[in-house]
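Worksheet: the structure to be examined is printed underneath.
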Amino acid sequence: MSFGSSLLRTAYKLSGAKKAFALPEDELLKAIEKANRGRGFFLPTDRKAHYEKKMVNGFPCLIVRAAEKPARRAILFFFGGGMVIGPDKGDAAVLRKLCYGTDSDVWFPIYPLCTEHCITESYGMAFECYRQMIALYGGGNVSTCGFSSGAALAMGVAAHNSALGRHLPQPKHIIAVAPGEVPWNDDERARMQALNASDVAIDYAFMAKAEQFMRHGHDDVPDYMLAPSRGDYTGVGDIHFYYSADEVLYGALPEYKTACERSNVPCTVTARPGMTHCYCMLPYFKEAREDFAKIVGQLKK
């Protein structure tokens, strides 16, 4: 384990961030509200790329391009945060790296959070972005990518397309960095619980609460929106998973692999021991830089 990785792991431990996930619901909501202050949509003011704000279903989407004209292909990129915490300005650097590294436009939807909306609205906005991208860039030229709950959406766009009858071409590639989901069988729950002690960022207690947030009072939420491993991925080009082998969400990998096998979609898995949740989305130390470069290479194919 590199010094940078060890330092990040220590920082997580000292921050007490994991403890917030185990708080009672009223205290957790206060912590979420505090975390969301200053987060949300941002339009960068630097000249390192061409930036555009686009409204989709009433919510903003940031588009990052290398030039004013659209590129030949694009990436639909989703931030994480358990469907309850929004993005911050630090995401811009990763968006630019993906943009220039893959010769692609990057769409970054600020999808509705489940603190105020049902996850069906989050999916509605995400899928409308995807539909518009297919219309602009064409089938076979759009990939999805995300981390944590954003990785669940990156998977979920394809599952939703299948549920609607696959009227649109499926994503060329899906990059899923530690995709979150509500555990839906006893084996998955047991695996997640067993990993709880080694995870310095996410507490299993939140996985048990996540469904209530995502439903937001609605009983008619499709199962693949709560647990993307229950979705149909037929027609997707390939799917690539990235995990810390010590994180709670790694416990869902067998379900995701089964979903890929069921849908006849090739998949790869990168799982590093000792890493923190979504480490490769912070490409500032050895292991993260190596795996982020791998992600760029996969999206560029």
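- Ion pair K286/E290 flagged as a salt bridge, since at least one NZ, NE, NH1 or NH2 atom sits closer than 4.0 Å to an Asp/Glu carboxylate oxygen.
- Nearest heavy-atom pair, A151 versus G146, reported as atom, atom and distance to 0.1 Å: CB-O, 3.3 Å.
- Within the 4.5 Å cutoff, the side chain of K172 has no heavy atoms near those of the V142 side chain.
- Without hydrogens or angle criteria, N36 side chain to V84 main chain gives a donor-acceptor distance under 3.5 Å.
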query = After noting the C-alpha distance and the side-chain angles of Y256 and F241, does the key distance pass the side-chain contact (heavy atoms from CB on, under 4.5 Å) rule?
reply = CA-CA 9 Å; Y256 280 112; F241 298 97; 3.6 Å; yes
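- A donor-acceptor pair under 3.5 Å is formed between the side chain of S149 and the backbone N or O of G81.
- Here the closest heavy-atom approach between residue P171 and residue I174 is recorded as CB-CG1, 4.1 Å.
- Within the 4.5 Å cutoff, no side-chain heavy atoms of I75 are placed close to those of D105.
- A93 pairs by the side-chain contact (heavy atoms from CB on, under 4.5 Å) definition with R96, Y284, not counting sequence neighbours.
- Remark: the backbone N or O of A159 is not paired with any side-chain donor or acceptor of D232 at under 3.5 angstrom.
- Linking Ile, Leu, Val, Met, Phe, Trp and Tyr whenever their side-chain heavy atoms come within less than 4.5 Å leaves F127 and M55 in two separate clusters.
- Scanning all heavy atoms of the two residues, the minimum distance from V200 to K18 falls at O-CB, 3.7 Å.
- Residue H160 forms a side chain to side chain donor-acceptor pair (under 3.5 Å) with just one option from Y224, Y123, Y130, and that option is Y224.
- In this structure, CD1 in I175 is found 11.0 Å from CE in M155, a value given to the nearest 0.5 Å.
- R73 contributes a side-chain N or O that, together with a main-chain N or O of T102, makes up a donor-acceptor pair within less than 3.5 Å.
- Contact check on R215 versus E211 returns a salt bridge, with a Lys/Arg side-chain nitrogen under 4.0 Å from an Asp/Glu carboxylate oxygen.
- Side chains of Q170 and S162: a donor on one and an acceptor on the other come within 3.5 Å.
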ask   = Checking side-chain contact (heavy atoms from CB on, under 4.5 Å) for the pair Y279/R272: CA distance, chi angles, key distance, verdict?
value = CA-CA 10 Å; Y279 68 94; R272 289 189 186 248; 3.7 Å; yes
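- Remark: C99 SG to Y51 OH distance equals 8.5 Å, nearest 0.5 Å.
- For the pair W107/Y137, a side-chain contact is recorded, criterion being any heavy-atom separation below 4.5 Å from C-beta on.
- Note that the CG atom of N196 and the OH atom of Y204 stand 9.5 Å from one another [nearest 0.5 Å].
- Atoms OG1 and CG, on T144 and L153 in that order, are 9.5 Å from each other to the nearest 0.5 Å.
- Using a 4.5 Å heavy-atom threshold, the side chains of V221 and I119 count as touching.
- Here D238 does not pair with K301 in a salt bridge; the nearest charged N to carboxylate O distance is not below 4.0 Å.
- In this structure, S122 contributes its side chain and P112 its backbone to a donor-acceptor pair below 3.5 Å.
- Listed for the R191 side chain is a donor-acceptor partner under 3.5 Å among the backbone atoms of G251.
- Here P169 pairs with I134 under the side-chain contact (heavy atoms from CB on, under 4.5 Å) rule; sequence neighbours left out.
- Ring-centre distance between F79 and Y111: below the 6.0 Å cut-off.
- Between atom NE2 of residue H216 and atom SG of residue C114 there is a gap of 8.0 Å, rounded to the nearest 0.5 Å.
- Closest of all the heavy-atom pairs between E247 and A178 is OE2-CB, 3.4 Å.
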Table please: side-chain donor-acceptor pairs of residues 19-30 below 3.5 Å, with sequence neighbours left out.
| residue | atom | partner | partner atom | Å |
| --- | --- | --- | --- | --- |
| E25 | OE1 | Q212 | NE2 | 3.2 |
| E25 | OE2 | Q212 | NE2 | 3.4 |

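- The two atoms that bring F78 and A154 nearest to each other are CD1-N, 3.7 Å, heavy atoms only.
- Looking at heavy atoms from C-beta onward, C280 lies in side-chain contact with V177 at the 4.5 angstrom threshold.
- Across A227 and V182, no two heavy atoms sit closer than the pair CB-O, 3.5 Å.
- Residues L113 and M83 are not in side-chain contact: their nearest non-hydrogen atoms beyond the backbone lie 4.5 Å or more apart.
- Put simply, the side chain of E188 never gets that close to the backbone of P183: no donor and acceptor are under 3.5 Å apart.
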| request: Apply the test side-chain contact (heavy atoms from CB on, under 4.5 Å) to residues I63 and V106: give CA-CA distance (whole Å), side-chain angles for both, the deciding distance (0.1 Å), then the verdict. | output: CA-CA 6 Å; I63 302 175; V106 181; over 6 Å; no
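- Neither side chain, H277 nor S244, offers a donor N or O lying under 3.5 Å from an acceptor on the other.
- Tracing side-chain contacts under 4.5 Å through hydrophobic residues (I, L, V, M, F, W, Y), one never reaches L249 starting from W184; they form parts of separate clusters.
- Side chain of D91 to main chain of P87: no donor-acceptor pair is present (N/O by atom type, distance under 3.5 Å, no hydrogens or angles).
- Note: H173 and H240 have tilted aromatic rings, judged against thresholds of 30 and 60 degrees for the angle between ring planes.
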- Stepwise side-chain hydrogen bond (donor to acceptor under 3.5 Å, both in side chains) test for D199 and Y250: CA-CA 10 Å; D199 192 325; Y250 186 53; over 6 Å; no
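- For N264, the CG atom counts as loosely surrounded, since its 6.0 Å shell holds 12 or fewer non-hydrogen atoms of other residues, nucleotides or ligands.
- Taking the side chain as every heavy atom from C-beta outward, L76 and P109 approach each other to under 4.5 Å.
- Not a single donor-acceptor pair under 3.5 Å links the side chain of D246 to the backbone N or O of T276.
- Ionic pairing of R262 and E255 is not present here: no N-O contact between side-chain nitrogen and carboxylate oxygen is shorter than 4.0 angstrom.
- Side-chain atoms of E52 never come within 3.5 Å of backbone atoms of V64 as a donor-acceptor pair (strictly under, hydrogens ignored).
- Between F42 and P44, some side-chain heavy-atom pair lies under the 4.5 Å cut-off.
- Separating the OG1 atom in T270 from the CE atom in M275 is a distance of 12.5 Å, to the nearest 0.5 Å.
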Full working for side-chain contact (heavy atoms from CB on, under 4.5 Å) between K97 and V296: CA-CA 9 Å; K97 285 178 183 290; V296 168; 6.0 Å; no
